Participant: 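Let me begin by handing over the structure; questions about it come next.
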Amino acid sequence: MAELNELREAVAKVLPDVKHVIGWQRGYHAVRSSPLFIRNQEDLDKLIWDRTCYQNLASYLTSTRGERVGIIVKGCDSRSVNQLLQEQLINREDVVVIGVPCTGVISLDKIRAKFPINRVKDMQVEGDELTIATRDGEEHKLNRWDVAPDKCLACKYPNPLIFDTHVGEPIETWEPKQGLYARDEEFDQKSLDERFEFWRREMSRCIRCYACRNACPMCVCRDHCIAESRQPHYQSQEADVREKFFFQLIHAMHLAGRCTECGECERACPMDIPVLLFKTRMGKVVKDLFDYEAGVDQTAVPPLLTFQAEESNIEEKEW
Amino acid sequence: MSQARFLPYDAVTDWLRKIAETMRVTAPVREGNSVVFRDFDPEEPLVLGHQSAASPKSVVFPQLEYLFRYKTDRTADENGVRQITLEPIYPDEDVFVFGANPCGARGLTTLDPVFINDEYVDPYYKARRERSIIASIVCTLPGDACFCHWVGGNPNDPVGSDLVLTPIEGGYLVRAHSEKGEKLAAGLDKADAREEQAAQQVEDAVLATLDPPPDLTDCPDVMENVFDDMELWEQVSDKCIYCGACTYYCPTCYCFNITDEASGIAGERIRSWDSCMFPTYTREASGHNPRPTKAHRFRNRILHKFSYYPKLYNRVFSCTGCGRCIRMCPTTVDIRDAVLRVKEAATKDESAKEVSDG
């Protein structure tokens with residue numbers, strides 16, 4: 001991974017020309033990072049760059065539209081920036097992109113599945129091994145691949161696809177540990193009843209806080225979301241599984257061919273509901289039908305935002 | 001204080017099973033990686049001593065509450081008026097909440113003066129409050145985001161709990177803090193002096209692990225000094241993505257919306273959670289929104305909890321320091337930092353004012 005010092009220097013260079021540069025700082029414990037809005041040297045001193053820098057900061061770009069800001073992106077995050085540019089949801093001249101090659105981050109959710117990560121003393125990293133010491137005197141040794149988010153296991157783009165400043169040398173792209181849609185394929189093995197029961201149980205935990213929606217870099221209706229609209233009255237305020245499921249399906253449909261599969265929705269969910277599954281399912285369909293990946297090519301038009309009389313992968317006349 | 005009781009760990013399931021014969025029992029279980037309250041099922045292992053994802057607030061203030069059903073007559077009378085029939089829906093069950101955290105239980109007492117006061121009594125809330133019994137377990141593992149002792153609580157705080165259970169060797173020492181609790185615990189064996197002493201040791205040991213808290217007592221008096229300092233509010237809220245997670249998981253947040261969910265000529269009027277972090281929360285019929293940005297909404301959330309509410313209700317903070325808003329926040333916004341930064345800025349303003357006045 002690129003050196004933190006180099007990253008700090010790159011941010012310092014950009015800082016005079018922008019309102020702020022968005023990066024990461026240490027959260028309230030050693031395994032948790034938190035976004036950092038860098039406005040001055042004092043803020044810059046707080047900047048970190050390590051495997052805890054999971055959050056895709058591109059989610060903030062649409063709300064600062066019209067102001068010039070800097071942003072630090074990993075390879076995967078850069079796809080969201082590309083996609084926002086493709087859809088003209090942000091202006092290229094408003095954003096200074098500082099790209100960092102990334103060798104992978106770690107998922108708090110996956111660590112939490114191993115032990116309740118609530119009393120952290122510190123974390124040591126040596127190669128692929130992480131040692132998390134708790135305040136109770138316990139030491140948990142973890143291999144970082146065991147706690148890597150799925151997007152890292154399937155990573156094809158460790159290097160930023162778009163940047164104004166590149167920090168460090170590009171790294172060699174490695175063979176992904178699994179396909180991006182491995183989880184979907186596993187899920188597809190279940191029977192329809194099992195799948196329905198799975199979602200019924202998972203969605204029953206949802207409390208409609210909309211962390212998934214607001215964390216999504218591509219979810220841009222926000223202040224005019226169908227979930228809260230009264231006129232028209234698309235969704236009721238009832239808290240039953242049907243309404244929650246309904247919202248997720250609408251969200252997934254809106255993101256078909258646009259979702260860069262960054263996993264922010266699932267990472268943000270306080271109830272640990274695997275909501276990314278809805279989006280990767282659509283992503284797989286779009287990949288199969290249109291051979292299209294969102295956010296990879298800045299000049300491309302997303303397939304569902306355009307029209308072709310005859311799609312090459314849809315055999316319309318064979319029916 | 002009344003006589004303490006003892007509940008052996010291996011007798012918990014049977015005790016709850018017996019209580020479940022007469023009322024709904026809800027207790028924390030694991031689902032995915034989350035600890036959630038669910039209706040008690042003797043077959044399902046309970047997860048006790050850990051903080052649940054959502055607080056037990058929903059027992060008295062559910063996310064969704066049907067207030068009444070309505071139906072409009074198909075035909076009008078001779079004056080062209082159609083009759084509407086209303087059928088109120090009141091809570092009709094007793095609920096025993098087993099295994100809350102003291103911070104979650106304390107949250108219920110911050111809802112009380114809002115829904116039950118001299119001017120107005122909310123019949124739905126009142127009924128649920130009267131029909132619920134809360135047993136909390138002394139918190140022996142305060143987490144990194146916990147700060148109950150900053151805001152008047154502590155890991156063995158009995159406020160809001162009918163029963164407080166302290167984990168000791170072999171079982172829980174059970175202390176009743178209300179008549180309802182007393183009645184429920186009456187069937188349990190009395191605790192002996194050794195057990196009471198062991199519980200005291202557990203409680204003292206947790207208290208000894210807490211760092212000294214900052215003094216927040218002047219927050220209600222000073223924080224509004226910086227009400228208009230939008231630059232400050234923008235900076236403390238910059239990483240917020242204004243989802244409602246902090247407010248929905250908070251044991252003290254009580255904002256709601258009321259909507260009619262109609263189906264043809266009939267429907268229900270429902271009360272459901274709302275959040276001051278949502279843009280629609282303050283949007284007026286004209287389209288004007290007095291809190292147009294997340295900075296405005298964040299300001300409201302902080303000042304409500306640490307200034308407006310304590311000014312209205314006995315200088316108690318509308319925050320129990322449970323840390324859920326920090327832990328559940330997708331972007332790790334830390335309310336502790338926000339409050340300290342605002343207080344610091346506000347106190348600076350205060351001393352500046354004093355100098356200029358002098």
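Here the structure is a predicted model, which means the values were calculated and not measured. Only heavy atoms go into these numbers, but all of them, side chains included; no hydrogens, no water, no symmetry mates.
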Participant: For chain A, which of G244(B), A54(B), P142(B) has the most heavy-atom pairs under 4.5 Å?
Facilitator: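 Top option by heavy-atom pairs under 4.5 Å: P142(B).
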
Participant: Under 4.5 Å heavy-atom distance to chain B, tell me which part of Q55(A) shows up: side chain, backbone, both or neither.
Facilitator: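 Contact with chain B: side chain only.
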
Participant: Is it the backbone or the side chain of R201(A) that comes under 4.5 Å from a heavy atom of chain B, or both, or neither?
Facilitator: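 Both the backbone and the side chain of R201(A) come within 4.5 Å of chain B.
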
Participant: Give the minimum heavy-atom separation between K239(B) and S34(A), together with the two atoms involved.
Facilitator: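 Taking K239(B) first and S34(A) second, the nearest heavy atoms are NZ-OG, 2.8 Å.
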
Participant: Given the options T64(A), L108(A), V120(A), N214(A), which has more heavy-atom pairs under 4.5 Å with chain B than any of the others?
Facilitator: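 So the answer, after comparing T64(A), L108(A), V120(A), N214(A), is N214(A).
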
Participant: Distance from T332(B) atom OG1 to R26(A) atom CZ, nearest 0.5 Å?
Facilitator: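 Answer rounded to 0.5 Å: 11.0 Å.
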
Participant: For Q51(B), which atoms come within 4.5 Å of any heavy atom of chain A: side chain, backbone, both, or neither?
Facilitator: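 Nothing of Q51(B), per the 4.5 Å heavy-atom cut-off to chain A.
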
Participant: Where does S33(A) contact chain B at under 4.5 Å (heavy atoms): side chain, backbone, both or neither?
Facilitator: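 Just its backbone gets close to chain B.
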
Participant: Atom CD in E238(A), atom CD in E268(B): separation rounded to 0.5 Å?
Facilitator: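 Going from CD on E238(A) over to CD on E268(B), the span is 6.0 Å.
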
Participant: If I measure from the heavy atoms of chain A, does D274(B) come under 4.5 Å with its side chain, its backbone, both, or neither?
Facilitator: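 For D274(B), neither part sits under 4.5 Å from chain A.
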
Participant: With respect to chain A, which residue among R327(B), K294(B), H50(B) yields the maximal number of heavy-atom pairs within a distance under 4.5 Å?
Facilitator: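 Ranked by contacts with chain A, first place is R327(B).
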
Participant: Using a 3.5 Å distance criterion without hydrogens, assess whether the side chain of D272(A) forms a donor-acceptor pair with backbone atoms of N33(B).
Facilitator: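 The answer is yes, because a donor-acceptor pair under 3.5 Å joins these two groups.
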
Participant: To the nearest 0.5 angstrom, please state how far the OG1 atom of T331(B) sits from the CD atom of E264(A).
Facilitator: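 So the gap between those two atoms works out to 9.5 Å.
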
Participant: Looking at L141(B), I326(B), T280(B), which has the largest count of heavy-atom pairs under 4.5 Å with chain A?
Facilitator: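 Winner by heavy-atom pair count: L141(B).
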
Participant: Give the minimum heavy-atom separation between R32(A) and C329(B), together with the two atoms involved.
Facilitator: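 Residues R32(A) and C329(B), closest heavy atoms: NH2-O, 3.3 Å.
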
Participant: Is I241(B) close to chain A through its backbone or its side chain, or both, or neither, when contacts mean heavy atoms under 4.5 Å?
Facilitator: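 Looking at I241(B), backbone and side chain both touch chain A.
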
Participant: Rounded to the nearest 0.5 Å, what separates atom OG1 in T209(B) from atom CZ in R135(A)?
Facilitator: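 One gets 7.5 Å once the value is rounded to the nearest 0.5 Å.
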
Participant: Let me confirm one number: the CD1-OG1 distance from I207(A) to T247(B), rounded to the nearest 0.5 Å.
Facilitator: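 The OG1 atom of T247(B) is 8.0 Å from CD1 of I207(A), to the nearest 0.5 Å.
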
Participant: Using non-hydrogen atoms and a 4.5 Å limit, figure out which bit of E243(A) sits close to chain B: side chain, backbone, both or neither.
Facilitator: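 Contact with chain B is absent: no heavy atom of E243(A) under 4.5 Å.
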
Participant: Taking A239(A), A215(A), C269(A), P274(A) one by one, which has the highest count of heavy-atom pairs under 4.5 Å against chain B?
Facilitator: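 Answer, by heavy-atom pair count under 4.5 Å with chain B: A239(A).
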
Participant: Counting only non-hydrogen atoms closer than 4.5 Å, does P279(B) touch chain A with its backbone (N, CA, C, O), its side chain (CB onward), both, or neither?
Facilitator: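 Contact with chain A: side chain only.
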
Participant: Going through the checks in order, is the side chain to side chain contact (heavy atoms under 4.5 Å, CB included) test met by R208(A) and S272(B)?
Facilitator: CA-CA 11 Å; R208(A) 293 184 79 167; S272(B) 58; over 6 Å; no

Participant: When heavy-atom pairs shorter than 4.5 Å are enumerated against chain A, which of R38(B), M277(B), R283(B), E31(B) gives the highest number?
Facilitator: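 Most heavy-atom pairs within the cutoff with chain A belong to E31(B).
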
Participant: Closest heavy-atom contact between Y60(A) and D238(B)?
Facilitator: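 For Y60(A) versus D238(B), the nearest heavy atoms are CE2-O, 3.9 Å.
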
Participant: Determine whether M271(A) and Y249(B) satisfy the following criterion, side chain to side chain contact (heavy atoms under 4.5 Å, CB included), listing intermediate values before the conclusion.
Facilitator: CA-CA 10 Å; M271(A) 282 296 196; Y249(B) 291 94; 3.1 Å; yes

Participant: Quick one: what part of S236(A) sits under 4.5 Å from any heavy atom of chain B, side chain, backbone, both or neither?
Facilitator: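 Contact with chain B involves both backbone and side-chain atoms of S236(A).
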
Participant: At what distance, to the nearest 0.5 angstrom, does NE2 of H20(A) lie from CD of E234(B)?
Facilitator: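 It is 10.0 Å, given to the nearest 0.5 Å.
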
Participant: Heavy-atom pairs under 4.5 Å with chain B: which of Q237(A), H233(A), R205(A), R112(A) has the most?
Facilitator: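 The option with the most such pairs is R205(A).
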
Participant: Need one label for D136(A): side chain, backbone, both or neither, based on atoms under 4.5 Å from any heavy atom in chain B.
Facilitator: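 Contact with chain B: side chain only.
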
Participant: Quick check on the interface: out of E261(B), E65(B), M328(B), who has the most heavy-atom pairs with chain A under 4.5 Å?
Facilitator: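 Among E261(B), E65(B), M328(B), the one with the most close pairs to chain A is E261(B).
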
Participant: Side chain, backbone, both or neither: which part of P62(B) has an atom under 4.5 Å from a heavy atom of chain A?
Facilitator: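 No part of P62(B) comes within 4.5 Å of chain A.
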
Participant: Looking at every non-hydrogen atom in both residues, tell me the closest pair between S34(B) and P270(A) and how far apart they are.
Facilitator: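 For S34(B) versus P270(A), the nearest heavy atoms are OG-O, 4.0 Å.
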
Participant: Hey, which of A113(A), P116(A), C209(A) has the most heavy atom pairs under 4.5 Å with chain B?
Facilitator: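 Of the candidates given, the most pairs with chain B belong to C209(A).
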
